[in-house]
Amino acid sequence: MPLLVIGHIIGTVLGAGAATFAEILHMRAMRDGVIDPEESATLKVTYRILRIGLFIAIITGFGFLLYFRFVSGHTEILYSEKLWAKMTIVLLIPLNAFLLQMRRIPFWLGSSISLTAWYAAIILGVYRGVPLSYLEILGIFAAAVLVMAAVLVLIRKSYYKIASIKP
Amino acid sequence: MSFGFAIAAHVILGLCGLASSYAVVLNLRKRELPRGFLKTFSLIAFLSYAASWATAAYYYVLLYGKAVKPVILAGKYPWAHTIFMESKEHIFLLIPFLSLLTAAIIWFLGNRLQSDESLRSATAALALVTFLIGVFVTIAGVLISGAVR
Amino acid sequence: MPHTRTITAFLISGIVTAIFIAAITIGGELAPAFKDWLKTTFYHHWLGKGALAVILFFVLGILLSFIAPRSDSALASSARALTWVSILSALVILGFFTAEAFHLF
């Protein structure tokens, strides 16, 4: 069990950290409107770390489910609404990445979903007793995505303004 | 092989297959196709699914029917077996063929994928449907396990 | 190109196999005697369905490789058709067991 916890934390740290830095690096790269080869290479490495983190987090996450089923016998956890909300949000991460790559969703929405999903998964993982239903959690998540999108747009606007003023 | 080990192997191998199918889908959409990467991960996908099938068979045939199924059917969530296990065990049968054919296209016609957009998108669609069916199978597995009380 | 024809053949075989999987699944539930035959012949009905699907896929694929179209467009079309047939097969199987669980027939 401790190994699973450590592995899950490592996966989450890598994934959430990489998602955060991907956003920062993308913003920085786009200050001149063009992503040059060096910036693109750095972003590629960041996305690779993100996917490795996601894979580790998912494998260890399922390790927990196997532990609950075959070791501790607490199978009722597998029907917890908090768990299902977390799994739904985590599933959104690769689906969102696919839609972003296919240019089926706008960047402002895709980047917001990615960041919000990682931090929502962390919050849901840390809090033991979340007294909310599956739909309530997803409703709050959807609202958080929109708030995050607005915050990111504001940050980008002020950053590009400062970047354009600097000599 | 213990049943616990078999089911753990089944889950982990299935997830490796899913991750590999997903990697194939994403990389088929790149401007410059990484052929070596695609060959490696399409093969890993097929082998992972095949091994997941074998370990599932060991658990399902020798234990599930006599020791787990009656518990689920007698419990609060009998639909976990009647709908999700019954569907999962049959829908899963599609996956090895889909992943084998995806790998075959990449391995034997990989040189055409760069220039033939129609073939490339058709192959990506195959890998994507493999991934989506695999996601359903995984979710069903969680529902089934959770019904064993 | 020999690979084009062979892979097209196996894609078509995959389409037939996907339909077969749905058919044998439903057939096994509606005809208990057939399910019993699978159990007797293959030790377990699910093993039997898997074995028959594998046999069908490879035998049909090999046979079709002598007559399958050689064109690139047929190859891509077959792959797309297999995608759709697989989705439909999965939905039919899920729909069948859901309907059966709710005693809709």
Side-chain angles (χ1 to χ4, degrees), chain B residues 50 53-54 56-58 60-62 64-65 73 78-113 115-130 132-134 136-137 140, chain C residues 1-4 6-8 10-18 20-22 24-26 28-29 42-47 49-54 56-58 61 72-73 75-87 89-103:
Chain B
W53 191 4
Y58 179 79
Y60 181 66
V61 169
L62 298 179
Y64 180 85
L73 289 176
W79 46 260
H81 173 80
T82 56
I83 298 176
F84 288 98
M85 187 62 195
E86 293 281 14
S87 299
K88 174 188 163 153
E89 74 188 64
H90 295 103
I91 290 173
F92 178 86
L93 293 176
L94 297 166
I95 293 178
F97 301 104
L98 291 171
S99 60
L100 177 62
L101 287 164
T102 304
I105 294 172
I106 289 169
W107 275 78
F108 296 111
L109 299 172
N111 55 332
R112 300 232 308 263
L113 285 172
S115 54
D116 189 341
E117 178 55 38
S118 179
L119 177 62
R120 200 207 297 202
S121 67
T123 309
L126 265 184
L128 180 61
V129 88
T130 309
L132 292 174
I133 290 175
F136 167 77
V137 162
Chain C
M1 277 206 105
H3 288 142
T4 303
T6 306
I7 291 177
T8 304
F10 276 94
L11 283 166
I12 297 170
S13 178
I15 292 167
V16 175
T17 305
F20 173 79
I21 286 169
I24 199 174
T25 298
I26 294 170
E29 298 304 311
F42 295 98
Y43 183 76
H44 193 284
H45 70 92
W46 181 70
L47 289 179
K49 289 169 189 166
L52 289 176
V54 169
L56 172 69
F57 176 75
F58 283 106
D72 295 348
S73 58
L75 175 71
S77 303
S78 303
R80 268 190 290 275
L82 174 58
T83 300
W84 285 110
V85 169
S86 299
I87 293 168
S89 177
L91 289 173
V92 162
I93 291 170
L94 178 61
F96 172 79
F97 284 112
T98 305
E100 192 185 50
F102 285 105
H103 307 292

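Each chain gets a letter, A, B and so on, in the order its sequence line appears, and its residues count up from 1. Keep in mind the model is a prediction, meaning the values are calculated, not measured.
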Check each atom of [X] against the heavy atoms of chain B and say whether the ones under 4.5 Å are side chain, backbone, both or neither.
X	value
C/Leu94	both
C/Phe42	neither
C/Phe102	side chain
C/Glu100	neither

If you take all heavy atoms of [X] and [Y], which pair is closest and at what distance?
X	Y	value
C/Phe97	B/Thr82	CB-O, 3.7 Å
B/Ile83	C/Ala101	CG1-CB, 3.5 Å
C/Ala76	B/Ala122	O-CB, 3.7 Å

**Prompt:** Checking side-chain contact (heavy atoms from CB on, under 4.5 Å) for the pair B/Leu119/C/Asp72: CA distance, chi angles, key distance, verdict?
**Reply:** CA-CA 8 Å; B/Leu119 177 62; C/Asp72 295 348; over 6 Å; no

Under 4.5 Å from any heavy atom of chain C - which part of [X]:
X	result
B/Leu128	neither
B/Leu62	side chain
B/Leu98	side chain
B/Thr130	neither
B/Leu101	side chain

For chain C, which candidate among [options] shows the most heavy-atom pairs at distances under 4.5 Å?
options	answer
B/Phe136, B/Phe92, B/Trp53	B/Trp53
B/Ile133, B/Leu126, B/Thr102	B/Leu126
B/Pro96, B/Ser121, B/Ser87, B/Ala125	B/Ser87

**Request:** Might you work through the side-chain contact (heavy atoms from CB on, under 4.5 Å) test for B/Asp116 and C/Leu75, ending with a clear yes or no?
**Result:** CA-CA 11 Å; B/Asp116 189 341; C/Leu75 175 71; over 6 Å; no

**Asked** Between B/Leu93 and C/Thr25, does a side-chain contact (heavy atoms from CB on, under 4.5 Å) hold up when you go through it step by step?
**Response** CA-CA 10 Å; B/Leu93 293 176; C/Thr25 298; 5.6 Å; no

**Request:** Output the distance between atom CZ (C/Phe57) and atom CG (B/Leu100), rounded to the nearest 0.5 Å.
**Result:**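 Going from CZ on C/Phe57 over to CG on B/Leu100, the span is 5.0 Å.
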
**Asked** Roughly how far apart are B/Trp107 CH2 and C/Ile7 CD1, rounded to 0.5 Å?
**Response**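 The CD1 atom of C/Ile7 is 12.5 Å from CH2 of B/Trp107, to the nearest 0.5 Å.
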
**Prompt:** Are C/Val54 and B/Phe97 side-chain neighbours, meaning at least one heavy-atom pair lies under 4.5 Å?
**Reply:**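 Yes, side chains in contact.
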
**Request:** Would you mind telling me which of C/Ala18, C/Gly95, C/Ala99, C/Ala90 has the largest number of heavy-atom pairs within less than 4.5 Å of chain B?
**Result:**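 That would be C/Ala90.
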
**Request:** Could you tell me how the ring of C/Trp46 sits relative to the ring of B/Tyr60: parallel (under 30°), tilted (30 to 60°) or perpendicular (over 60°)?
**Result:**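 Taking B/Tyr60 first and then C/Trp46, their aromatic rings stand perpendicular (interplane angle over 60°).
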
**Item:** Reference residue C/Ile93; test side chain to side chain contact (heavy atoms under 4.5 Å, CB included); the match among B/Glu86, B/Glu89, B/His90
**Value:**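 Passing option: B/His90.
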
**Message:** Using the side chain to side chain contact (heavy atoms under 4.5 Å, CB included) definition, which of the options C/Leu82, C/Ile21, C/Thr17 pairs with B/Leu94?
**Reply:**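 Result for side chain to side chain contact (heavy atoms under 4.5 Å, CB included) with B/Leu94: C/Ile21.
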
